[in-house]
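The block underneath contains the structure these notes are about, expressed in structure tokens.
Numbered from 1 within each chain, the chains take letters A, B, ... in sequence-line order.
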Protein chains: 4
Amino acid sequence: MTVLKSDRLMSRKQPTQARSQATVEAVLEATIQLLLHGGSSALTTNRIAKKAGVSIGTLYQYFPGKEALLYALVGRHLDKASDAVERACQAHRAMPLAACSDAFVNSYIDAKTGNPEASRALYHASTELDMKDLGSGMIARLHRAVRAMLFAAQGGKFADLDDVVLTWVAAVTGGTRQIFEEDDTIARLPVFRTQLLQMSRAYLEASTVTAVLENCVAIIEAEDLSD
Amino acid sequence: MTVLKSDRLMSRKQPTQARSQATVEAVLEATIQLLLHGGSSALTTNRIAKKAGVSIGTLYQYFPGKEALLYALVGRHLDKASDAVERACQAHRAMPLAACSDAFVNSYIDAKTGNPEASRALYHASTELDMKDLGSGMIARLHRAVRAMLFAAQGGKFADLDDVVLTWVAAVTGGTRQIFEEDDTIARLPVFRTQLLQMSRAYLEASTVTAVLENCVAIIEAEDLSD
Amino acid sequence: MTVLKSDRLMSRKQPTQARSQATVEAVLEATIQLLLHGGSSALTTNRIAKKAGVSIGTLYQYFPGKEALLYALVGRHLDKASDAVERACQAHRAMPLAACSDAFVNSYIDAKTGNPEASRALYHASTELDMKDLGSGMIARLHRAVRAMLFAAQGGKFADLDDVVLTWVAAVTGGTRQIFEEDDTIARLPVFRTQLLQMSRAYLEASTVTAVLENCVAIIEAEDLSD
Amino acid sequence: MTVLKSDRLMSRKQPTQARSQATVEAVLEATIQLLLHGGSSALTTNRIAKKAGVSIGTLYQYFPGKEALLYALVGRHLDKASDAVERACQAHRAMPLAACSDAFVNSYIDAKTGNPEASRALYHASTELDMKDLGSGMIARLHRAVRAMLFAAQGGKFADLDDVVLTWVAAVTGGTRQIFEEDDTIARLPVFRTQLLQMSRAYLEASTVTAVLENCVAIIEAEDLSD
DNA sequence: TATGAATGAGAGTTCATTCAT
DNA sequence: CATGAATGAACTCTCATTCAT
């Protein structure tokens, strides 16, 4: 499920031979390494080529420009994460709400935790270039997967499913990102995960039609009493 | 409450005279305009100076470099937002938990909504330079303010207050950022706010010692039954 | 009478200060020198800057690119030549046809001969880039000037003035160019000039209405005899 | 009648086999196509090879470099044109002067008109590289052919045949080139041809010894009268 | 002999910053 | 204090050419 790309961001040639494949792999890997090490300001095409052990010309045989290289890199990572989350969501269809809740939170954090440094580096890179479409594409995939899972979950219909999905996905992905971006909070990731699981359960539970109903009743009763 | 800065990022001279103040103001304003208009790649010191109507030399009289300029700009915006949230939190000390919850969410979103375009532009700018300390500074202020508010809130002690603060602040700030960054979700900001209010109430409620206790009891009973 | 230019070819700033003027002059002069010495393949912006004794950055302050630099250079030379020819044509209005003929040929060759090496160098340079508009602009000016001169000349109306102008101008400018481009013919320029004067006189004389008429009569008589 | 070439410009191998011939043909054809389509700046060896349907390595088997490729291409076209003009000149030996005049002009313009776009493209290409020898070679052939024709023409001996040949050939070839190079004059090629025929006849007629003599007599008489 | 992946010197251009005026 | 011409290191990207397969 690749997002449509403009020509400027398309890969120049598909590496068919084994040698080519290795080259592309080396370039992408070198890019991540540089991103991790020196930040995005130290990321130059010549440095990438040198680190990858190829000539600058070779790099440009496979990527039409620096932007395209980063685009490919970010796309690949986001796709990998999206895949993982999608699989988890599909595996939990028709399960109890709490299990569904945990499934999304855990699979998302796991995906990001797989290579946390890389995740951070790519976050930064993607913000600089115009890669909103990539991010949007991933968010859209998450929305679909989560929506389908919640729709089929045991133990609760939602009054406004789309709104819940929007908010939950934003809170989980955004919150995780926030934790990742601070050097002094990343150590507390396990704590964050536990709390995020609890927050999600509580939120979803409270957004169920029955819960909403109860809440309304409670409010009305309270008003009656206060009269 | 200014964050500590290295010399490289310090403003060169405190503009005491009225004319100087106007110059600094013009430069900062021009920077935002360019950021909004052309993105961070079109942001050059020469362009800023021209747009501000001053010479490039003058710009360097007040800022030791481009980085410092952006640092000042971002810091100012973050400070403004932090101030607003701090005030709201202080105003709600000793109030019921739900009110506290709403206070933080609403004040934070309001602060960001004041000039949403500028917020987005500055997000991008701050990511490129090494401004983690600014972001961290803001987050630290929010943590303190929220912690104090929750600590004094009616209706609940928290078993692990710091963990709750960490998670809640991350989810609210990160979630909001996520909504802001997508062109197609920003329109649904009102919906997001409503849901985020609900999510926050549910989470805080569920993190109360009494709630946790009830939950434990429920689990134990369930286990007893299943025996 | 400047030709309209696209933004890409426009000079970046008009040098108002004396220092700037000198810089621009130095750059243009250096460009010609390099063109003369090494041909167009040795013409790089960095070499130009070095030869001009300025930094590469300075060059780009005044010209948005290499193309624009050459454009300005060629335009300036063509304008100078056009001016000279225009003046000569205007000075010979209402003179005998032979004098008019000589005026154009001589003024054109003189203009090109002023700095023959530069002329050759710029011919080459202009061919590479898209400077047809400059050449066309000059040709158009020549057409107008020559037409006005011939229209007012003593001793002959032309049956098809525009056609004569087109052809004469092409033959004179093209022929001269041809002589300039060969190393071994440029030495014979004086001979060429003499012959071109004669060719021009003969052509214009023969294109006069009276000459054409005589010619027709002669042909008809010849046909009568052959019957 | 090939011009002498340096090693660098020599074709690497004479393609004797049919397959080789086809390859060379394809490469040369592809070169023209690219020249016509994208101009000389879009002409790269890799693109030529791809368009020709051969690998870049194969291209270098037959041509030692890009320059040699263009050299061969231009040489071939110039040779073709030269052949045509030579044939025409030889066919008109011992004919009346007017017929000789027409023969050269018509055969030259016809040769260029055969594929006007290609002519223009090759003009540009040849200017960039050091192909003066090719152009000179062609001009030399034309000089010889025209000289021989005029020498044997009925109705006139020339006082300074070589000067006439130099000038006439320059005017015809240069004038034609000028017409070809402007987009807005190429449409008037037929008109130009007619006028060039007339100009040539008039010039040659006037360069005849008898004509020159008459002219001298006329001038002397005029001087006598004015005494 | 044909292939095409790899090469790398060098091209044009930008932009944060300085300093003589 | 303000100016803005000048700087030049560093950047992205091209393309003629080679050579292992």
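Following rounding to the nearest Å, D:Lys50 (NZ) and E:dT3 (C1') show an atom-to-atom distance of 14 Å. As a whole-Å value, the separation of A:Arg12 CZ from E:dG4 C1' is 16 Å. For the pair B:Leu34 CG and E:dC15 P, the computed distance is 12 Å after rounding to whole Å. Atoms CD (D:Glu67) and C1' (F:dC15) sit 15 Å apart, rounded to a whole Å. The CG atom of D:Leu70 sits 12 Å away from the C1' atom of F:dA16 (whole-angstrom rounding). Counting to the nearest Å, the P atom of E:dG12 and the CZ atom of C:Phe63 are 15 Å from each other. In this structure, the NZ atom of C:Lys66 is 8 Å from the P atom of E:dT13, given to the nearest Å. The interatomic distance linking C:Tyr62 (OH) with F:dG4 (P) rounds to 11 Å, in whole Å.
Note on C:Ile48: nothing from the nucleic acid sits closer than 4.0 angstrom, heavy atoms only. As judged by a 4.0 angstrom heavy-atom cut-off over every strand, D:Leu69 is placed among residues making no nucleic acid contact.
Positionally, the nearest nucleotide of DNA chain E for D:Val54 lies more toward the 5' end than for the other of B:Thr44 and D:Val54. Position along DNA chain F of the nearest nucleotide to C:Leu59 versus A:Pro64 favours C:Leu59 as the more 5'-ward residue. Along DNA chain F, the nucleotide closest to A:Tyr60 and the one closest to B:Gly57 are compared, and the more 5′ of them pairs with B:Gly57.
Remark: E:dT21 base-pairs with F:dA2; criterion is Watson-Crick or G-U wobble with both hydrogen-bond distances under 3.5 Å. Across the strands present, F:dC13 finds its partner in E:dG10; the criterion is a Watson-Crick or G-U wobble pair with both atom distances under 3.5 angstrom.
Contact annotation: D:Arg47 side-chain N/O to F:dT14 OP1/OP2 distance is not under 4.0 Å. OP1 and OP2 of F:dA2 both lie 4.0 Å or more from every side-chain N or O belonging to B:Ser55. Neither OP1 nor OP2 of F:dC11 sits under 4.0 Å from any side-chain N or O of A:Thr45. Put simply, C:Ser20 has no side-chain N or O that comes within less than 4.0 Å of OP1 or OP2 on F:dG4.
Going from atom CG of B:Leu34 over to atom NZ of B:Lys50 covers 11.5 Å, rounded to the nearest 0.5 Å. C:His77 contributes atom NE2, which lies 3.5 Å from atom CD1 of C:Ile32 (distance to the nearest 0.5 angstrom). Separation of atoms CG (A:Asn46) and CG (A:Leu59) is listed at 9.0 Å; rounding is to 0.5 Å.
Counting distance only, with no hydrogens placed and no angle test, the side-chain atoms of A:Gln61 and the base atoms of E:dA6 include a donor-acceptor pair under 3.5 Å. You'll find a donor-acceptor pair under 3.5 Å spanning the side chain of B:Asn46 and the base of E:dA16, going by distance alone.
Applying side chain to side chain contact (heavy atoms under 4.5 Å, CB included) to A:Leu69 and the options A:Val74, A:Leu43, A:Thr45, A:Thr31 leaves one that passes, A:Thr31.
Under 3.5 Å, the side chains of C:Glu29 and C:Gln33 contain a donor-acceptor pair of N or O atoms.
Between C:Val27 and C:Tyr62 there is no side-chain heavy-atom pair separated by less than 4.5 Å.
For D:Ile56, counting side-chain heavy atoms from C-beta on, the closest listed nucleotide (F:dT18, E:dT14, F:dT7) is F:dT18.
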